[in-house]
**Q** 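Could you have a look at this structure, given as structure tokens, before my questions?
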Amino acid sequence: METGQVQKKVLEYEKFINEVLQRDLSKVVEQRDEVYKTIAEYVQLKNTIERLQELDDKTLKTEVDLGCNFFVCAEVPDSSRIFMAVGYGFFAELTLEEALRFIEKKSKLLTKLSENLSKDAAKIKANIRLVLEGLRELQGLSNLPEETHRNIF
């Protein structure tokens, strides 16, 4: 191949890496981070529900955030049932046991989703590595050293 054609191909591959693969990778990682955040919120809710179950008195005094860190005191006369967001803007009134079962199922689904997103991220990283290796061959560069330190033994 001519040098001009090689440079043109190199630029195309670099553009593909930067505009497609890197963008896809950042989107997948961002989605995975959101799933991790949701899982953490469910774990926190599970711990709170378990503490509520340990209470002898079903009344609960708490502070509610109205927004902008403006809190008001609230009293819940019966904490044996809670409202949970089940998706698509719908809420369901559940007993504490039902809520724990829902959280367990939802956490399993979210964990599976995060694993799939991690696999997708690994595939995209592998594709980036493959394209970079192709660029290295096109440019006629030698293998880059895997180790950047010296062995002293």
Side-chain angles (χ1 to χ4, degrees), residues 1-54 62-72 74 79 81-153:
M1 271 187 157
E2 291 181 25
T3 309
Q5 289 178 330
V6 169
Q7 289 301 323
K8 187 176 177 183
K9 283 290 185 190
V10 167
L11 289 175
E12 287 177 18
Y13 284 132
E14 286 177 349
K15 184 177 178 183
F16 178 70
I17 289 172
N18 292 329
E19 292 181 3
V20 177
L21 294 177
Q22 290 289 355
R23 184 190 70 225
D24 290 348
L25 180 62
S26 65
K27 283 181 183 179
V28 168
V29 169
E30 186 177 304
Q31 288 174 345
R32 186 188 63 189
D33 291 344
E34 283 298 316
V35 171
Y36 284 154
K37 181 180 171 186
T38 305
I39 290 172
E41 289 172 356
Y42 274 112
V43 168
Q44 183 180 8
L45 180 59
K46 179 183 175 187
N47 292 336
T48 303
I49 291 172
E50 288 171 348
R51 281 193 225 119
L52 279 175
Q53 286 178 324
E54 295 171 0
T62 185
E63 291 183 350
V64 178
D65 187 3
L66 297 178
C68 297
N69 287 328
F70 185 73
F71 290 88
V72 294
S79 63
R81 300 180 75 75
I82 61 172
F83 283 93
M84 282 197 64
V86 293
Y88 297 106
F90 290 101
F91 290 82
E93 185 177 3
L94 304 172
T95 65
L96 298 179
E97 286 299 322
E98 291 170 336
L100 287 174
R101 284 195 305 268
F102 175 80
I103 290 169
E104 190 66 32
K105 289 178 182 177
K106 188 74 170 185
S107 294
K108 284 181 183 177
L109 289 171
L110 290 172
T111 300
K112 187 172 275 191
L113 177 61
S114 69
E115 290 170 357
N116 288 339
L117 289 171
S118 293
K119 287 178 185 177
D120 291 345
K123 287 177 186 175
I124 294 170
K125 287 178 185 178
N127 288 338
I128 290 172
R129 179 74 177 176
L130 182 67
V131 173
L132 287 174
E133 287 295 319
L135 282 174
R136 184 187 57 78
E137 286 182 20
L138 266 177
Q139 293 173 326
L141 299 175
S142 62
N143 285 338
L144 298 175
E146 292 294 325
E147 294 183 15
T148 57
H149 62 280
R150 294 184 316 171
N151 289 331
I152 56 173
F153 297 108

**Q** From Gln53 CD over to Ser79 OG, what is the distance, rounded to the nearest 0.5 angstrom?
**A**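 OG of Ser79 is found 10.0 Å from CD of Gln53.
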
**Q** Taking all non-hydrogen atoms of both residues, which atom of Ala121 and which atom of Leu25 are closest, and how far apart?
**A**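 That would be O-CD1, 3.7 Å.
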
**Q** Can you list the steps and then say if Lys106 with Thr38 is a side-chain contact (heavy atoms from CB on, under 4.5 Å)?
**A** CA-CA 10 Å; Lys106 188 74 170 185; Thr38 305; 5.8 Å; no

**Q** Does atom OH of Tyr13 have more than 12 heavy-atom neighbours, drawn from other residues, nucleotides or ligands, at distances under 6.0 Å?
**A**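 It does not: Tyr13 OH has 12 such atoms or fewer within range.
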
**Q** Roughly how far apart are Lys15 NZ and Glu12 CD, rounded to 0.5 Å?
**A**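 Lys15 atom NZ to Glu12 atom CD measures 8.5 Å (nearest 0.5 Å).
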
**Q** How many angstroms lie between atom CG of Leu11 and atom NZ of Lys9, to the nearest 0.5 angstrom?
**A**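 NZ of Lys9 is found 11.5 Å from CG of Leu11.
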
**Q** Would you compute the distance between atom CG of Leu113 and atom CZ of Arg32 and round it to the nearest 0.5 angstrom?
**A**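 Between Leu113 CG and Arg32 CZ, I get 11.5 Å after rounding to 0.5 Å.
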
**Q** Measure the NZ-CD distance between Lys27 and Gln31 for me, rounded to the nearest 0.5 Å.
**A**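 These two atoms lie 8.5 Å from each other.
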
**Q** Would you name the heavy atoms of Glu93 and Arg81 that are closest together and state the gap between them?
**A**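 Closest pair (atom of Glu93, atom of Arg81, distance): OE2-NE, 3.2 Å.
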
**Q** Would you call Lys108 and Thr111 a side-chain contact if the rule is heavy atoms closer than 4.5 Å?
**A**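 The answer is no; the side chains never approach within 4.5 Å.
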
**Q** Please give me the minimum heavy-atom distance between Phe102 and Leu94, naming the atom from each residue.
**A**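 Taking Phe102 first and Leu94 second, the nearest heavy atoms are CB-CD1, 4.4 Å.
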
**Q** Using side-chain heavy atoms (C-beta onward) and a distance below 4.5 Å, is Glu30 in contact with Asp33?
**A**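 A side-chain contact is absent here, since even the closest heavy-atom pair is not under 4.5 Å.
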
**Q** Which heavy-atom pair separates Leu96 from Ile82 by the least distance, and what is that distance?
**A**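 Nearest pair, atom of Leu96 first, then Ile82: CD2-CG2, 3.9 Å.
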
**Q** Determine the minimum heavy-atom distance between Leu117 and Val28, stating which atoms define it.
**A**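 That closest heavy-atom pairing would be O-CG1, 3.2 Å.
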
**Q** Do the non-hydrogen side-chain atoms of Leu135 and Ile17 ever get within less than 4.5 Å of each other?
**A**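 Yes, at least one pair of side-chain atoms sits under 4.5 Å.
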
**Q** What I want to find out is whether Arg136 reaches Glu133 closely enough, with some N-O distance under 4.0 Å, to be called a salt bridge.
**A**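 Yes, Arg136 and Glu133 are salt-bridged.
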
**Q** Could you tell me the separation between the CD1 atom of Ile39 and the NZ atom of Lys37, rounded to the nearest 0.5 Å?
**A**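 Between atom CD1 of Ile39 and atom NZ of Lys37 there are 13.0 Å.
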
**Q** If every non-hydrogen atom of Tyr42 is compared with every non-hydrogen atom of Ala85, which pair is closest and at what distance?
**A**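 Shortest heavy-atom contact: OH-O, 4.1 Å.
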
**Q** Let me see the working for Arg23 and Glu19 under salt bridge (Lys or Arg N to Asp or Glu O under 4.0 Å), right down to the final yes or no.
**A** CA-CA 6 Å; Arg23 184 190 70 225; Glu19 292 181 3; over 6 Å; no

**Q** Can you tell me if Glu50 has over 12 outside heavy atoms packed within less than 6.0 Å of its CD?
**A**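 Atom CD in Glu50 is packed in, count exceeds 12.
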
